[in-house]
Amino acid sequence: MRTSWADSVANSQAENPTTGASDNNSSFHPARSTYVPPHLRNRPPSSDPPAPSQSAPPPANDRVGNSGPAAGPAWGAGSSRHDAGRPGYVSSGGRNVGGWNNRSGGWDRGRDREVNPFADEDITEPAFSDQENTVINFDAYEDIPVETSGDNVPPPVNTFAEIDLGEALNLNIRRCKYVKPTPVQRHAIPISLGGRDLMACAQTGSGKTAAFCFPIISGIMQGQYAQRPRGARTVYPLALILSPTRELSCQIHEETRKFSYQTGVKVVVAYGGAPINQQLRELERGVDILVATPGRLVDLLERARVSLQMIRYLALDEADRMLDMGFEPQIRKIVEQMDMPPPGLRQTMLFSATFPKEIQRLASDFLSNYIFLAVGRVGSSTDLIVQRVEFVHESDKRSHLMDLLHAQRENGVHGKQSLTLVFVETKKGADALEHWLCMNGFPATTIHGDRTQQEREQALRSFKSGNTPILVATDVAARGLDIPHVAHVVNFDLPNDIDDYVHRIGRTGRAGKSGLATAFFNENNLSMAKPLADLMQEANQEVPAWLTRYASRVSYGGGGRNRRSGGGRFGGRDFRRESSFTRGADFYGGGNSSGGYGVPGGYGGAPGGYGPSNGMTSAWD
DNA sequence: AAAAAAG
């Protein structure tokens, strides 16, 4: 019933044959007609054993790694490698014997208890049987503009096969049915494998988690890390992944577990609102990658149950959020004031769909000689999301929402209602709207920070399963959550920041599928008129004339913080490109005129600087 | 001003 891996390729090619025609700015067009899936690549004409069937995961006690029929086909000798400068790598002539899975630490005994994270795949979405839709529509990503800046940017890859991620990880990639890397993965993975720090700005739903997870897992598998101290009850993770909400941390954990299945790399999640004792027990069983929200991590650090002194990889998901006003002190405490190795001694990766310049400036404190990567337009899935704005007075919002929901119910696809995510401004407002919807016969639930963690997770489960096809949410659900089958995002209350809008609408149109986003605009949202109109225009959306009129009245005080003015097509642009020419002392925190971004060589004509003629590559060139 | 994140 699931399509096979090869069929997925065929399907994704057949589904959307015309996508490539529109964008004249793209300079890279992978030769789709000659595409060969990774498991068929680099294969000598005969003699190699067949690739394993990805529809039949091996039993849970399957031997790990180097032996068995899976070894070989994906890594032909002579395929290009990006292992330069990675300490500890052992080249093994294309057969990956010996370089992998020889970590010390001896918790192999725990491995046979490792729960198969792929086992419950088919029962998690009982309401949706069209499994082929879970395959990413790659053609939707073919023509995406890419911009990189920094010293010696490693070239992108076109397939997973040409990256030496290791047998066990590649097997998991196949189990996940990832056919080929998404644009952000194509660029970010070689950068990370090259040992470089990275600030990456990529559209919502484009596979950022895998982009930072694969190099971490691969690096840990290869690393000959010194025996970690075994302090009384302290654990010493090698990698830390931080995210701004508990649900997102959960999701990253789930995903990372799949990627690390039978690799010997242990992933543990820690977040607030859940009993700490169970998390402590998990930690005591060993942890290589710790996924956490900031508050609970600080708690664990203060109890000395976790030490960061062995951290080799730090990833901040939704990094701009993590560094905004509310979170910044906590993040600085974790990254700068505990025992984490400084930039240069760890590898740091920051990911988000949006990256305002002022946040980039803060973030550069955490980075060393980093590469900036921007993939896609205006931080959004743009073309895949149809955006509508309607003028709705505050008092009319509920009845207007009901009209939308009625229409959607009647248009219901295949008899089942598609999922609708409704964003509101306040927690009280969320409860009130949920109650009203339920009273009016619409099965709704709500997620916000005043609910218990149990309630939050239950709400999300109920929504995902289609049991409660309407979810009323505050911004707690705005970022990162990957909820399949969200057909419609309603901004019942518009946010005050255009970046929040970008993240919210990004809950639909995921994995290359289309989606609809409707915003209710009224006199309370005047400050959003211009940023919203600009964003929609850049995304080739139809902008109502009335909104353009509001937008042209420039007197609204900039409350919407139109960071994109003059910003052009990219959701993110490397702030170093501008600051290196303005040289304002305020950008450098005073006096620190060359090393402020960890960029050796400064900004002048020196080799490795940021002159327009060197140290920069771009997909446009 | 609101949201999130520790209990």
Side-chain angles (χ1 to χ4, degrees), chain A residues 240-253 269-280 283 290-306 316-335 337-338 352 354 356 359 394 421-434 446-457 459-460 471-481 489 491-504 506-507 522-528 556-561:
Chain A
L240 176 62
I241 300 172
L242 290 173
S243 94
T245 65
R246 297 162 181 175
E247 287 76 15
L248 185 52
S249 279
C250 273
Q251 177 183 304
I252 294 168
H253 174 242
V269 66
Y271 56 87
I276 200 168
N277 281 334
Q278 194 180 337
Q279 292 172 8
L280 287 172
L283 287 168
L290 178 58
V291 183
T293 50
R296 177 54 61 90
L297 177 61
V298 167
D299 190 1
L300 292 167
L301 291 168
E302 283 171 349
R303 297 179 190 216
R305 299 299 298 260
V306 170
L316 300 193
D317 200 6
E318 309 298 341
D320 58 331
R321 184 83 180 80
M322 304 298 280
L323 291 169
D324 82 3
M325 289 207 317
F327 269 124
E328 197 210 351
Q330 255 181 326
I331 301 302
R332 280 202 189 275
K333 175 169 189 172
I334 291 166
V335 177
Q337 288 153 37
M338 305 303 288
S352 182
T354 53
I359 304 283
E394 212 59 44
L421 182 49
V422 182
F423 282 104
V424 297
E425 195 59 25
T426 65
K427 296 178 278 197
K428 280 190 187 329
D431 281 335
L433 184 56
E434 177 223 20
T446 183
I447 185 168
H448 59 69
D450 274 353
R451 306 201 79 193
T452 67
Q453 192 53 28
Q454 254 191 339
E455 289 170 329
R456 286 164 57 159
E457 286 171 21
L460 201 52
L471 179 65
V472 183
T474 61
D475 268 331
V476 70
R479 284 175 173 262
L481 294 187
V489 168
N491 274 291
F492 189 90
D493 302 318
L494 269 169
N496 295 312
D497 186 314
I498 191 66
D499 284 344
D500 292 335
Y501 173 85
V502 167
H503 286 275
R504 285 179 177 187
R507 295 319 97 212
N522 62 33
E523 55 281 348
N524 297 325
N525 311 116
L526 297 182
S527 69
M528 284 292 286
Y556 297 133
R561 291 195 291 159

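Below, chains carry the letters A, B, ... as their sequence lines are ordered, and counting in each starts from 1.
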Looking across every strand, which nucleic acid part, if any, lies under 4.0 Å from A:R246 by heavy atom: base, sugar-phosphate, or nothing?
sugar-phosphate
If you check the A:T474 side chain, which of B:dA4, B:dA5, B:dA2 turns out closest?
B:dA4
Below 4.5 Å, heavy atoms only, C-beta onward: do A:L248 and A:L481 meet side chain to side chain?
yes
By salt bridge (Lys or Arg N to Asp or Glu O under 4.0 Å), which residues pair with A:E457, not counting sequence neighbours?
none
A:F423 atom CZ is separated from B:dA3 atom P, nearest whole Å, by 14 Å
Could you give the CG-to-P distance, from A:N524 to B:dA2, as a whole number of Å?
14 Å
Whole angstroms only, please: what is the CG-P distance between A:L323 and B:dA4?
19 Å
Flag side-chain contact, heavy atom, 4.5 Å: A:P294 against A:M322
yes
Contact between A:D320 and A:R479 at the side-chain level, heavy atoms closer than 4.5 Å - yes or no?
yes
A:I334 CD1 to B:dA4 C1', straight-line distance once rounded to whole Å
14 Å
Compare side-chain N and O positions of A:K428 against OP1 and OP2 of B:dA2 and report whether any pair is under 4.0 Å apart.
no
Check this one for me: any side-chain N or O of A:R456 less than 4.0 Å away from OP1 or OP2 of B:dA5?
yes
Pair A:H448-A:D431, side-chain donor/acceptor within less than 3.5 Å:
yes
For atom CG of A:D431 and atom P of B:dA3, their distance in whole Å
11 Å
Listed by chain and number, what are the side chain to side chain contact (heavy atoms under 4.5 Å, CB included) partners of A:D299, not counting sequence neighbours?
A:I276, A:R296, A:R303
Mind checking A:G272 for me? I need base, sugar-phosphate or nothing, with any heavy atom below 4.0 Å counting as a touch.
sugar-phosphate
Given pairs defined as Watson-Crick or G-U wobble with both distances under 3.5 Å, what dot-bracket annotation applies to DNA chain B, with ( ) intrastrand, [ ] crossing, | other strand and . unpaired?
.......
Select base, sugar-phosphate, or nothing to describe what A:R479 touches, counting heavy atoms under 4.0 Å on all strands.
nothing
Between B:dA1 atom C1' and A:M325 atom CE, what is the distance in whole Å?
10 Å
Give a yes or no on whether A:E523 atom CD has more than 12 heavy-atom contacts from other residues, nucleotides or ligands under 6.0 Å away.
yes
For A:E318 and B:dA4, give me the distance from atom CD to atom C1', rounded to whole Å.
12 Å
Can you tell me the distance, in whole Å, between the CG atom of A:D450 and the P atom of B:dA2?
12 Å
